[in-house]
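One structure is given below, encoded as structure tokens.
Chain letters run A, B, ... following the sequence lines, proteins first and then strands; every chain starts at 1.
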Amino acid sequence: MTGTLESTLRARRDGGAKLLVPYVTGGLGDDWAECIEAAAAAGADAIEVGIPFSDPVMDGPTIQEASETALRQGATPTTILDRVRTLDVGVPLVVMTYYNIAAHAGLERFAATLADAGVAAVILPDMPLEESGPWRTAAAASGVETVLLAAPTAPDERLPRIAEAAEGFVYGVGLLGVTGERDQLAASATTIATRLKAITDMPVLVGVGVSNPEQAAEVSQVADGVIVGSAVVRRMLEGQGPEGVGTFVGELRAALDA
Amino acid sequence: MAMTDPGPDGRFGEFGGRFVPETLMPAVQELEKAFRGAWADPEFRAELDHMLTHYAGRPSPLTDCRRISEELGLRLLLKREDLNHTGSHKINNVLGQALLARRMGKTRLLAETGAGQHGVATATAAAYFGMDCVVYMGEVDIERQALNVFRMKLLGAEVRTAMSGSRTLKDAINEAMRDWVATVEESHYCLGSVMGPHPYPWMVREFHRVLGDEARRQCSELLDGGVPDVVTACVGGGSNAAGIFAGFADSTAELVGVEPAGGAAVGRGVPGVVHGSNSYLMQDEYGQVKEAESISAGLDYPGIGPEHAYLAAEGRARYESVTDAEVIEAFQLLSRTEGIIPALEPAHALAWVSRERAALAGKTVLLNLSGRGDKDATQMMEVLS
Ligand SMILES: Cc1ncc(COP(=O)(O)O)c(C=O)c1O
């Protein structure tokens with residue numbers, strides 16, 4: 001059965017749009033939820049909500065700082081999901097967190113809590129395909145989709161197996177490295193998009209190192225769309241608030257629609 | 001019960017696994033394949049043995065202690081890993097991994113370090129093989145282990161400061177993993193303990209097995225074919241303990257790992273996933289990893305290797321904890337009675353023996369003296385002044 005995230009993204013893509021998924025660190029400051037609303041109003045197709053983890057090994061300095069700040073300000077999975085439950089932004093929400101947050105709560109219980117909060121899907125960046133079985137079973141039982149990542153290091157035979165197991169969309173990792181803004185779009189971003197598009201009909205989005213409208217448009221010539229995280233979160237850390245986030249997401253939208 | 005191959009999924013019972021970013025998955029699979037091949041290759045084994053003998057100074061002696069044994073009312077045997085080149089057991093693992101990295105065509109070694117012993121050992125191996133070396137170390141540890149920072153630089157390594165979180169070992173591992181995600185094609189991550197994703201917990205244990213096997217033979221000679229009543233070692237991630245336990249797991253010896261009270265993963269932890277594997281881990285009610293707190297930089301880690309979690313769950317080994325104050329006592333006790341200044345890490349195991357002397361009366365206790373105390377001299381000079 002196709003879930004909300006996948007059906008939404010497929011419909012938008014098949015209608016000719018490029019897909020835009022911004023990332024917001026949950027619990028960062030007191031207006032992170034308003035940042036989600038602003039991103040949705042500015043044309044996001046889905047939004048990733050980070051639940052901060054103490055040891056985010058896949059994240060660079062910006063999201064590390066955002067995670068540490070949110071945790072210091074008292075953010076917990078409960079406070080974040082309680083707020084998410086009250087949101088009505090009209091696009092699917094995708095929780096991004098690390099495996100231990102789910103494992104500690106209990107996989108089934110965490111999946112049920114997400115479903116109850118209206119979350120459509122989950123990304124766990126430290127859960128490779130081989131370790132994903134128990135979580136995917138638990139998530140499926142609650143109707144939560146599991147997005148899987150595909151990295152530039154994957155040999156050819158690995159990509160179809162990832163695409164086969166992924167739900168919602170396939171997350172192409174744009175470069176060798178952790179999240180963070182980069183001056184240039186890495187050549188690997190287009191390469192991973194090309195390799196994935198060749199083997200799957202799932203929506204293929206590229207994230208990690210996609211930092212501005214030009215880069216988003218560039219990689220979306222091949223990919224179905226982009227995930228933009230650090231560039232959004234940096235604006236939140238700078239205190240630009242919902243307005244700054246909305247403006248930036250609007251610029252990304254315009255570049256993808258051009 | 002023997003400590004064996006955890007199989008292709010790297011599971012020790014429910015513990016272990018490979019919880020790494022997808023980017024690293026091909027690398028850990030390739031590493032497992034390379035290690036399996038190398039470990040079964042007599043040429044690789046011979047080359048490693050040669051280095052362990054002629055470069056690291058193996059075998060290390062077994063010292064049958066006279067004065068401290070009298071004082072404690074038991075028989076204390078020390079496995080002298082403090083006498084290895086670079087001053088600790090860490091060299092066993094590092095020479096193995098560096099040789100493997102070279103075989104895999106890697107040109108750069110990456111490491112994390114707490115006390116600096118693993119960093120120094122990695123920098124040493126990199127110098128020996130002519131490889132680049134970057135060592136991540138928490139800001140707090142850089143301050144308390146200044147001597148080792150200097151040694152690493154002298155050996156040609158670049159030391160990078162981990163500024164996030166608790167700014168100790170856990171955060172140095174995070175930084176090393178982030179570096180590895182970005183440089184996986186040319187870098188080998190030379191992980192310093194029996195933790196992380198499969199195959200590390202198994203591979204690092206196998207590289208340290210040499211010390212356990214030696215100790216088993218040495219004990220057998222000394223004890224007329226017998227084994228000690230108790231085998232004990234300190235546990236941060238648990239590599240020196242894994243090495244010595246591996247030599248005695250199939251014997252009647254009782255196995256005791258000793259953790260710092262402020263980093264007691266078995267005593268105060270519950271199963272959790274961080275740094276690539278599922279194991280006992282100190283965490284809060286939401287699964288955020290807690291910061292460990294110990295006088296010893298090398299044991300300042302909130303987790304424990306997955307095989308130790310398994311040995312604990314199975315009841316084959318038990319894990320105790322000691323306080324900083326008890327460690328400071330033990331550090332002085334061994335210095336004064338035997339003329340051996342221990343590192344603060346193995347002083348934990350001695351602190352447990354000393355505290356439990358009544359229960360251990362008349363028994364033969366083998367303690368893995370995993371390192372020497374030179375690196376801790378400055379810190380202890382302040383503590384004891
Ligand atoms: C002398 C010594 N012993 C023990 C340790 C702890 O490591 P492990 O628990 O892996 O043996 C260290 C770590 O730095 C060390 O330097």
Atom [atom1] of residue position [X] - does it have more than 12 heavy atoms of other residues, nucleotides or ligands inside 6.0 Å?
{"X": "B:Glu314", "atom1": "CD", "answer": "yes"}
{"X": "B:Glu293", "atom1": "CD", "answer": "no"}
{"X": "B:Glu158", "atom1": "CD", "answer": "yes"}
{"X": "A:Arg85", "atom1": "CZ", "answer": "yes"}

Distance-only, no hydrogens or angles: does the [X] side chain make a donor-acceptor pair with backbone N or O of [Y] under 3.5 Å?
{"X": "A:Glu68", "Y": "B:Ser164", "result": "no"}
{"X": "A:Thr153", "Y": "B:Thr23", "result": "yes"}
{"X": "B:Arg178", "Y": "A:Asp59", "result": "yes"}

Q. Shortest non-hydrogen contact from B:Pro26 to A:Pro155?
A.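 Closest approach of B:Pro26 to A:Pro155: CG-CD, 4.0 Å.
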(Q) Is there a side-chain contact between A:Tyr99 and B:Val274 in this structure, where contact means two heavy atoms from C-beta onward sitting under 4.5 Å apart? (A)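 Counting from C-beta outward, A:Tyr99 and B:Val274 never come under 4.5 Å.
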**Q.** Validation row: A:Ile101, B:Gln288 side chains within 4.5 angstrom (heavy atoms)
**A.** yes
Q. Going through the distances and angles, do B:Leu281 and A:Asn100 end up as a side chain to side chain contact (heavy atoms under 4.5 Å, CB included)?
A. CA-CA 10 Å; B:Leu281 182 64; A:Asn100 198 48; 4.2 Å; yes
Under 4.5 Å heavy-atom distance to chain B, tell me which part of [X] shows up: side chain, backbone, both or neither.
{"X": "A:Leu124", "result": "neither"}
{"X": "A:Pro52", "result": "backbone"}
{"X": "A:Ala102", "result": "neither"}
{"X": "A:Ile162", "result": "side chain"}
{"X": "A:Val173", "result": "side chain"}
{"X": "A:Phe53", "result": "both"}

Distance from [X] atom [atom1] to [Y] atom [atom2], nearest 0.5 Å?
{"X": "B:Ser166", "Y": "A:Asp55", "atom1": "OG", "atom2": "CG", "answer": "8.0 Å"}
{"X": "B:Arg18", "Y": "A:Glu130", "atom1": "CZ", "atom2": "CD", "answer": "5.5 Å"}
{"X": "B:Gln29", "Y": "A:Arg158", "atom1": "CD", "atom2": "CZ", "answer": "5.0 Å"}
{"X": "A:Met58", "Y": "B:Leu24", "atom1": "CE", "atom2": "CG", "answer": "8.0 Å"}
{"X": "A:His104", "Y": "B:Asp284", "atom1": "NE2", "atom2": "CG", "answer": "6.5 Å"}
{"X": "A:Asp126", "Y": "B:Phe19", "atom1": "CG", "atom2": "CZ", "answer": "8.0 Å"}

Q) Which of the residues A:Pro128, A:Ala150, A:Ala151 is involved in the greatest number of heavy-atom pairs with chain B at under 4.5 angstrom? A) A:Pro128
Q: Mind ranking A:Leu175, A:Thr76, A:Leu149, A:Val178 by heavy-atom pairs under 4.5 Å with chain B and telling me who comes out on top?
A: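 The option with the most such pairs is A:Thr76.
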**Q.** Heavy-atom proximity to chain A below 4.5 Å, by part of B:Glu185
**A.** side chain
Q: For each of B:Lys170, B:Glu175, B:Glu291, tally heavy-atom pairs with chain A at distances under 4.5 Å, and name the one with the top tally.
A: B:Lys170
Q. Do B:Glu22 and A:Arg161 sit within salt-bridge range, that is, some charged N less than 4.0 Å from a carboxylate O?
A.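 The answer is no: the pair does not qualify as a salt bridge.
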Q.
Quick one, A:Leu176 with B:Val184, criterion side chain to side chain contact (heavy atoms under 4.5 Å, CB included). Give me CA distance, side-chain angles, the key distance, then yes/no.
A. CA-CA 8 Å; A:Leu176 275 187; B:Val184 58; 4.1 Å; yes
